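Structure in structure tokens, see below.
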Amino acid sequence: MPKSVLVLYMSRGGHTARIARRTCDSIAAAGGRGEMMSLLEADKEGVEWARYDVLAVGAPVLYGTYDKSVFEFIGRYRTQLDACPNAFFNVSVVARTPEKATIDGNRYMQKFLELSPWKPRDLKVIAGKVDYPSWRWHEQLMIQMIMKFTHGPTDRTTVIDYTDWDDVAAYGRHLLTLA
């Protein structure tokens, strides 16, 4: 029977959902069974936890932090998450630079580890996407200010996907090895 991985994710603009989908596609291509579920769906519909050999949770960094729903979900399901091999990945635009694309170099991963009652066994930092046109005007201003401080793009017409999609596919294959 193929190993199964459940990728649970929080996504606001859809990019983290795309990453979860690519991860699952990679798992399937490697002979495993990858399924994805948003945290909201998992919370409302329930999860058959015992069906999975590995659990992965993914969340974007929004304005320097994680959505409170991520920590609420982890708080409610920590026991289930700890019951089998598990992983956490974050998605942040600051990870566009090599030094901030590492576990130790990504302050948002460090922040997650400080704030989370769950201590995942495996961690991954994934570079996100700048998409000014799809953001509301006040979000554009906030991101523009953050980008100014981090030497990123500040032109409000900018759309840049910094995600290394081959690395995301490799991450899916890696998750299978945790089983």
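Treat the numbers as computed from the prediction; the structure is a model and nothing was measured.
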> Between atom CG of Leu8 and atom CE of Met37, what is the distance when rounded to the nearest 0.5 Å?
Replying inline: 7.5 Å
>> Ignoring hydrogens, what is the shortest heavy-atom contact between Ala127 and His15? Give both atom names and the distance.
In response: O-NE2, 4.4 Å
> For Ala87 and Trp118, which heavy atoms make the closest approach, and how far apart are they?
Replying inline: O-CH2, 3.3 Å
> In terms of ring plane angle, is the pair Phe112 and Phe88 parallel, tilted or perpendicular, where the classes change at 30° and 60°?
Replying inline: parallel
> Do Val91 and Leu40 share a hydrophobic cluster, counting only Ile, Leu, Val, Met, Phe, Trp and Tyr and linking them when any side-chain heavy atoms are less than 4.5 Å apart?
Replying inline: no
> For Val159, which fellow cluster members are found when Ile, Leu, Val, Met, Phe, Trp and Tyr are connected by side-chain heavy-atom distances below 4.5 angstrom, either directly or through intermediates?
Replying inline: none
>> I need the minimum non-hydrogen distance between Pro120 and Asn86, along with the two atoms involved.
In response: CA-OD1, 3.2 Å
>> Could you measure the distance from the CD atom of Gln110 to the CD1 atom of Ile103? Nearest 0.5 Å is fine.
In response: 8.0 Å
> Are side-chain N/O atoms of Asp161 and Thr163 paired as donor and acceptor at under 3.5 Å?
Replying inline: yes
Only distances under 3.5 Å count here; give the side-chain donor-acceptor pairs of residues 138-146 to other protein atoms, sequence neighbours excluded, each with its distance to 0.1 Å.
| residue | atom | partner | partner atom | Å |
| --- | --- | --- | --- | --- |
| Glu139 | OE1 | Arg136 | N | 2.9 |
| Glu139 | OE2 | Arg12 | NH1 | 3.1 |
| Glu139 | OE2 | Arg12 | NH2 | 2.8 |
| Glu139 | OE2 | Tyr63 | OH | 3.1 |
| Glu139 | OE2 | Arg136 | NH2 | 3.0 |
| Gln140 | NE2 | Tyr132 | O | 2.8 |
| Gln140 | NE2 | Trp135 | O | 3.2 |
| Gln144 | OE1 | Arg156 | NE | 3.2 |
| Gln144 | OE1 | Arg156 | NH2 | 3.2 |
| Gln144 | NE2 | Thr154 | O | 2.7 |

> Where do Ala179 and Lys3 come nearest, in terms of heavy atoms and distance?
Replying inline: CB-CD, 3.7 Å
> How many angstroms lie between CZ in Arg18 and CH2 in Trp165, if you round to the nearest 0.5 Å?
Replying inline: 4.0 Å
>> Is it the case that atom NZ in Lys119 sees more than 12 heavy atoms from other parts of the structure closer than 6.0 Å?
In response: yes
> At what distance, to the nearest 0.5 angstrom, does CZ of Phe71 lie from CG of Leu39?
Replying inline: 11.5 Å
> Tell me, do Met36 and Thr23 make a side-chain contact under 4.5 Å, heavy atoms counted?
Replying inline: no
> Which heavy-atom pair separates Pro2 from Gly31 by the least distance, and what is that distance?
Replying inline: CB-O, 3.2 Å
>> Enumerate the salt bridge (charged side-chain N to carboxylate O under 4.0 Å, His left out) contacts for residues 90-101, please, sequence neighbours excluded, ordered by first and then second residue.
In response: none
> If two hydrophobic side chains count as joined below 4.5 Å and joins carry through other members, does Val94 share a cluster with Val125?
Replying inline: yes
> Where is the tightest heavy-atom contact between Ser11 and Ala17, given as atom of each residue plus distance?
Replying inline: OG-N, 3.3 Å
> If Ile, Leu, Val, Met, Phe, Trp and Tyr residues are connected whenever their side-chain heavy atoms lie under 4.5 Å apart, and connections chain through other members, are Val7 and Tyr66 in the same group?
Replying inline: no
> Looking at OG1 of Thr102 and CG of Leu123, how far apart are the two atoms once the value is rounded to the nearest 0.5 Å?
Replying inline: 11.0 Å
> How many angstroms lie between OG in Ser92 and CG in Leu62, if you round to the nearest 0.5 Å?
Replying inline: 10.5 Å
>> Hydrophobic clustering (ILVMFWY, side-chain heavy atoms < 4.5 Å, transitive) - are Met109 and Val93 grouped together?
In response: yes
> Are Ile27 and Leu178 connected, step by step, through hydrophobic side chains (Ile, Leu, Val, Met, Phe, Trp, Tyr) whose heavy atoms are closer than 4.5 Å?
Replying inline: yes
> Among pairs that include at least one residue of residues 168-179, which meet side chain to side chain donor-acceptor pair (under 3.5 Å), considering only residues two or more places apart or in two chains?
Replying inline: Asp122-His174
Show me the donor-acceptor pairs, under 3.5 Å and distance only, between side chains in residues 48-61 and residues at least two apart or in other chains.
| residue | atom | partner | partner atom | Å |
| --- | --- | --- | --- | --- |
| Arg51 | NH2 | Glu35 | OE2 | 3.0 |
| Tyr52 | OH | Glu35 | OE1 | 2.7 |
| Asp53 | OD2 | Ser4 | N | 2.8 |
| Asp53 | OD2 | Ser4 | OG | 3.4 |

>> Taking ring-ring contact (aromatic ring centres under 6.0 Å, His included) as the definition, give me every residue that meets it alongside Phe73, ordered by chain and number, with sequence neighbours left out.
In response: Tyr77
